[in-house]
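For reference, the structure is listed below as structure tokens.
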There are 2 protein chains.
Amino acid sequence: MKYTDATIDQVNAGMQEAHIAFLSYKNFSGTKKAGFLRAIADEIEALGVELVTTAMRETNLPEARIINERGRTTGHCRMFADLVEDGSWVEARIDTAIPDRVPAPKPDIRKMLVPIGPVVVFGAANFPLAYSTAGGDTISALAAGCTVIVKAHPAHAETSTLIAGAINKAIEKTGMPQGVFQHIHGASFEVGQALVKHPFTKAVGFTGSLAGGKALFDLANQRPEPIPVFAEMSSINPVILLPETLSRDAEKTATSLAGSIALGVGQFCTNPGLIIAVEGEGLDRFRKALSAEIQKANSGTMLHLGIADNYAKKLANTLAQKGVKVEGQSSSEANASQGRPHVASVSAEEFMKNPALAEEVFGPFSLIVRCRTNDELLSVVNRSHGQLTSTIIADEAELTKYASLINMLVEKAGRIVVNGVPTGVEVCASMQHGGPYPATTDSRFSAVGTDAIKRFARPVAFQNFPDAVLPYELQALNPLKIWRLRDNEWGRI
Amino acid sequence: MKYTDATIDQVNAGMQEAHIAFLSYKNFSGTKKAGFLRAIADEIEALGVELVTTAMRETNLPEARIINERGRTTGHCRMFADLVEDGSWVEARIDTAIPDRVPAPKPDIRKMLVPIGPVVVFGAANFPLAYSTAGGDTISALAAGCTVIVKAHPAHAETSTLIAGAINKAIEKTGMPQGVFQHIHGASFEVGQALVKHPFTKAVGFTGSLAGGKALFDLANQRPEPIPVFAEMSSINPVILLPETLSRDAEKTATSLAGSIALGVGQFCTNPGLIIAVEGEGLDRFRKALSAEIQKANSGTMLHLGIADNYAKKLANTLAQKGVKVEGQSSSEANASQGRPHVASVSAEEFMKNPALAEEVFGPFSLIVRCRTNDELLSVVNRSHGQLTSTIIADEAELTKYASLINMLVEKAGRIVVNGVPTGVEVCASMQHGGPYPATTDSRFSAVGTDAIKRFARPVAFQNFPDAVLPYELQALNPLKIWRLRDNEWGRI
């Protein structure tokens, strides 16, 4: 091991530092925080080729993917910089006083979001840049005004350390308080546990397995003061093929889905792990075409041996279940560190009887569920767990006919995609990356896009404050010119 | 007992009905929901004097208070009606497609809040109208598009049944689906437990004790699918008297606080249970004046015998703690069903050593914490638990001097009041009624005001949908003319 785990004393000292830094950093202006976030982006870019080669070596991901992910990471730093520089994200609401109201005077009340406190972030194995050290959790928390302690993911600890160095340079260059960001190593569960249980920790961001996320969620709820855990965990992202469109577009749909299944050796939380359709000539053609496409897809080296091993085991277990039939597999054999793309199918009847078939197989695998009727298809959807995404392949006429299906999917997923693939998560204001349990521990928040900042904030109302003592966001003249709801009217007023 | 507890079979049948009703009600337009909410207000008013006399008999609250609370209840029905009729509360965010973006096209994504599902509401003992059957939890959940099952509070089951009748009339008159609202009785913990554990339940609203709220919170988190519990539980609402202002306004402050302590026999979650000040001539005069005011305050009949008994026990326990000195008590003696106003004091040193002194004494009681220095005052505040409110009595000059105190209070409370009393919770957009644990189980949400609706909603993104298949809120022409964030610009666009 190149890095040693933090001791409990180091965790305690780090949380103390995060707490003290928070008490000043939380009041920094949006402009100042924006400067910091932009400096982080600049310093990440300044790491140059060393970052790319290190990440490639540690994760087995190809250069193009790492460069793309770096762009996404610096992109969200700058997106959140813009957001906090504008400042309207604090959702200011102002009700001015009515002193002569009968029977009782109305007081002046003004409310805004404030940062929640020090945040602990557990980086994701599958996004060494965009969801790790300077990932969406860290950057949205820093944007909100929280201080952050990142526990480096042991699978890419060196990449994580490089990024931490870039953030530390940004801290120095922009005069941020010591302790606004800290980076520690901890391959053992004890370090994570100590971080989550520390009284100064006020929220947790996590991306990983259901078992890992649920353990942190339980730990956080059992604290003397429970705190929110935003864990993104497990999703099989069902794709529903409606019959008429399937019959017309079977081959095109198969090509597009095969690409999504095999993309990045299937190591995406939005990987389409389940395909649901009604039996018939369309589905037969689709199965044949998908099988052919999957045969052409290459086996690929996975993030680390543990993930490859887990994929092989979960895949073998799924294929061994009653009624499961292999539809196709990559013609390139896989070694112990690789994932070999596979597609299988099972009848809806067997699928609904066997909960093991609804479990995530993290990797380039998808299971086709063959339904006898439309009603059976609706039953399969209705019994499915919470998901990050659901996808429907259908034209407008067929979507209109299946309004009840869309109605149902709204209850099951955070994002519904029509005629596309679930992989590829746009970073923007309208993105919802989250979903009902077990996709995440809190379906009310998004881990991607500008709204991710809301996870790390809480509202506080100020009643009857002299104007000069109020935060700038709430002062009478609106010095920051942010959007506010003032006496029930919206405006930069 | 006039009412019998629901059986587990009845709970199951009720949740099934709530689920089925939800699948249609969730899609009702804002206009239709507004009509329903206004009809509820009308039908509550139509109950006339019977409602007032029943509530008075069951709760021992005076007529003026019940009439006032009825006004607040019909008021929030109409406030949420206006909110959903306008429709902008869904926080629509739209990012339009950029098909020719390089390297990858940008898809069309549109996001809005949708209702979370059937909600279980436990009414509050101390607000038989405004926080019970048609209380803030029920009405904000119905406004969001959720169906609701209310478990009547056994202490005012008849009042609850009258209100349920009014809601049922409104359901009939406005053509709402059967099951949109249900009302059951359950004095035992088993009924509440079955409701919270039912798989169709998607959120819980509760107002009551810390023990009760925490038990529901734990139950909800231990479900196979954890769900949010919005429990408003325990708050002692510290009032901080800053020295210069205290020295000037000791008597005026005492009069105002005495009124707030004794109001409604102290049965408010925002009752000022703790007063913190630095020792000196100002505090001496304040103690004397507060003691005189409390002597004049009357003992009053409490909501029910259990609450009166609990008050007597908790008060006796507090007064028996080391270093606690009675400052004054009401000159009118109390019988077993009454609460007798009391004020006591203790040194900051003893207070900080003894956690029992920071526990809520629900009733007309307040404890003065005497600090030797400003630093000691800050230490007392710094160690305090999460609160619904904190209050500072100080003029602008002194507030400016104590910026670090305000900085600290922001971490401790949902609402900070200057030169006022914490009782009296305005129902408006800027209200924050919530706070860090143990004040509530989720400091990120408010139980009062328009934002209370957000507790019962979650965001869903629609990607690449044909316009006609989108909810009206997200369609291109903005048929509802709601506020939307469209390509990062705000407007009714």
Pick one of side chain, backbone, both or neither for [X], based on which atoms fall under 4.5 Å of a heavy atom in chain B.
| X | answer |
| --- | --- |
| A/I109 | both |
| A/D442 | side chain |
| A/K202 | neither |
| A/M112 | neither |
| A/D82 | neither |
| A/V114 | side chain |

Selection from [options] maximising heavy-atom pairs under 4.5 Å formed with chain A:
| options | value |
| --- | --- |
| B/P115, B/G420, B/P226 | B/P226 |
| B/D487, B/V418, B/T450, B/L23 | B/V418 |
| B/T389, B/D86, B/L399, B/V417 | B/V417 |
| B/A104, B/P228, B/A92 | B/P228 |
| B/H433, B/K106, B/K454 | B/K106 |

Residue part contacting chain A, namely of [X], when any heavy atom lies under 4.5 Å:
| X | result |
| --- | --- |
| B/R101 | side chain |
| B/W490 | both |
| B/D95 | both |

Checking an interface table here. Which of residues 403-413 of chain A come within a heavy-atom distance under 4.5 Å of chain B? A/I406, A/N407, A/V410, A/E411, A/A413

Scan residues 434-459 of chain B for pairs that pass ring pair (Phe, Tyr, Trp, His ring centres under 6.0 Å), counting only residues two or more places apart or in two chains.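 Qualifying pairs: B/F230-B/F445, B/F230-B/F456.
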
Pick out which of B/L216, B/T440, B/T441 makes a side chain to side chain contact (heavy atoms under 4.5 Å, CB included) with B/M233.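 The side chain to side chain contact (heavy atoms under 4.5 Å, CB included) with B/M233 is passed solely by B/T441 among B/L216, B/T440, B/T441.
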
Under 3.5 Å donor-acceptor, B/R492 side chain and B/K481 backbone: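 Side chain of B/R492 to backbone of B/K481, a donor-acceptor pair under 3.5 Å: yes, one is there.
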
Count the heavy-atom pairs under 4.5 Å between each of A/N419, A/D218, A/D451 and chain B, then report the option with the highest count.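 That would be A/D451.
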
Which residues share a ring pair (Phe, Tyr, Trp, His ring centres under 6.0 Å) with B/Y402, sequence neighbours left out: none

Distance alone, cut at 3.5 Å: any donor-acceptor contact between the side chains of A/N237 and A/T270?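 Not at all, the side chains of A/N237 and A/T270 share no donor-acceptor pair under 3.5 Å.
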
For residues 458-468 of chain B, give me every residue with a non-hydrogen atom less than 4.5 Å from any non-hydrogen atom of chain A.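 Counting heavy atoms that sit under 4.5 Å from chain A, the residues of residues 458-468 of chain B involved are B/R458, B/P459, B/V460, B/A461, B/F462, B/Q463, B/N464, B/F465, B/P466, B/A468.
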
Can A/W483 and B/W483 be said to form a ring pair (Phe, Tyr, Trp, His ring centres under 6.0 Å), step by step? CA-CA 12 Å; A/W483 281 91; B/W483 280 91; 5.6 Å; yes

